[in-house]
Amino acid sequence: MLSKGFLKEMRSRAKTWMTERYGRAAERMGERKPAFETNAGLPVAPLYTPADLADQDYFETIGLPGEYPYSRGTYPIGYRSRYWQQ
């Protein structure tokens, strides 16, 4: 998996990005909504990095395309064989 040094740097850079880049842009331009969330009501952060998954089992929480828990789609080939459908 990812080294502890990489994860430490990723967390540091993400924190800097949140305050310096994202924070300044949000102050200057504003956001469309006070909070963003999924259809299920779960909050959506402005940034996700590999550090957010560092303590999780990748294959159990994300998995590969076409495999349980199907977070990356139900077909191994995804939408390379056909267009996305609603």
Side-chain angles (χ1 to χ4, degrees):
M1 285 296 203
L2 303 172
S3 72
K4 290 184 181 190
F6 173 81
L7 294 173
K8 183 178 179 181
E9 181 179 353
M10 179 60 71
R11 287 182 180 106
S12 173
R13 292 181 72 169
K15 184 177 179 181
T16 300
W17 180 87
M18 282 294 297
T19 56
E20 293 182 9
R21 301 288 304 223
Y22 182 81
R24 287 182 192 159
E27 285 177 11
R28 189 175 67 249
M29 298 186 303
E31 293 184 291
R32 288 184 293 117
K33 303 187 305 186
F36 289 83
E37 59 184 32
T38 66
N39 290 340
L42 300 171
V44 177
L47 175 68
Y48 290 97
T49 70
D52 294 308
L53 299 175
D55 300 327
Q56 298 181 25
D57 180 338
Y58 180 86
F59 296 107
E60 185 178 308
T61 58
I62 301 296
L64 297 172
E67 295 182 4
Y68 181 83
Y70 304 104
S71 61
R72 297 184 61 194
T74 55
Y75 301 103
I77 197 165
Y79 294 104
R80 290 179 168 252
S81 65
R82 58 184 153 173
Y83 290 108
W84 181 81
Q85 301 169 352
Q86 289 183 324

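All values below were derived from every heavy atom in this structure, side-chain atoms included, with hydrogens, water molecules and symmetry-related copies excluded.
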query = Counting only N and O atoms by type, is there a donor-acceptor contact under 3.5 Å from the side chain of Thr19 to the main-chain atoms of Lys15?
reply = yes
Side-chain heavy atoms of Pro50 within contact of Phe6, under 4.5 Å = yes
query = What distance do Arg21 atom CZ and Thr16 atom OG1 have between them, rounded to the nearest 0.5 Å?
reply = 11.5 Å
key: Side chain proximity check, Glu31 to Phe36, heavy atoms < 4.5 angstrom   = yes
remark   = Ala54 and Arg11 have their tightest heavy-atom pair at CB-NH2, 3.8 Å
query = More than 12 foreign heavy atoms under 6.0 Å from CD of Glu60: is that the case here?
reply = no
task = Hey, could you give me the CG/CD1 distance between Asp57 and Ile62, rounded to the nearest 0.5 Å?
result = 10.5 Å
request  = Search all heavy atoms of Asp52 against all heavy atoms of Thr49 and return the closest pair with its distance.
outcome  = OD2-N, 2.7 Å
query = If two hydrophobic side chains count as joined below 4.5 Å and joins carry through other members, does Leu64 share a cluster with Tyr75?
reply = no
key: Pairing residues for Arg13 by the salt bridge (charged side-chain N to carboxylate O under 4.0 Å, His left out) criterion, not counting sequence neighbours   = Glu9
task = Might you point out which heavy atoms bring Gly63 and Arg72 nearest each other, and give the distance in Å?
result = O-CD, 3.2 Å
Just list the side-chain donor-acceptor pairs under 3.5 Å for residues 39-48, sequence neighbours left out, or say none.
from  : atom 1 : to    : atom 2 : distance (Å)
Tyr48 : OH     : Ala45 : N      : 2.9

ask   = Which atom pair, heavy atoms only, marks the closest approach of Thr61 to Ser71?
value = O-OG, 3.9 Å
query = After noting the C-alpha distance and the side-chain angles of Trp17 and Glu20, does the key distance pass the side chain to side chain contact (heavy atoms under 4.5 Å, CB included) rule?
reply = CA-CA 5 Å; Trp17 180 87; Glu20 293 182 9; over 6 Å; no
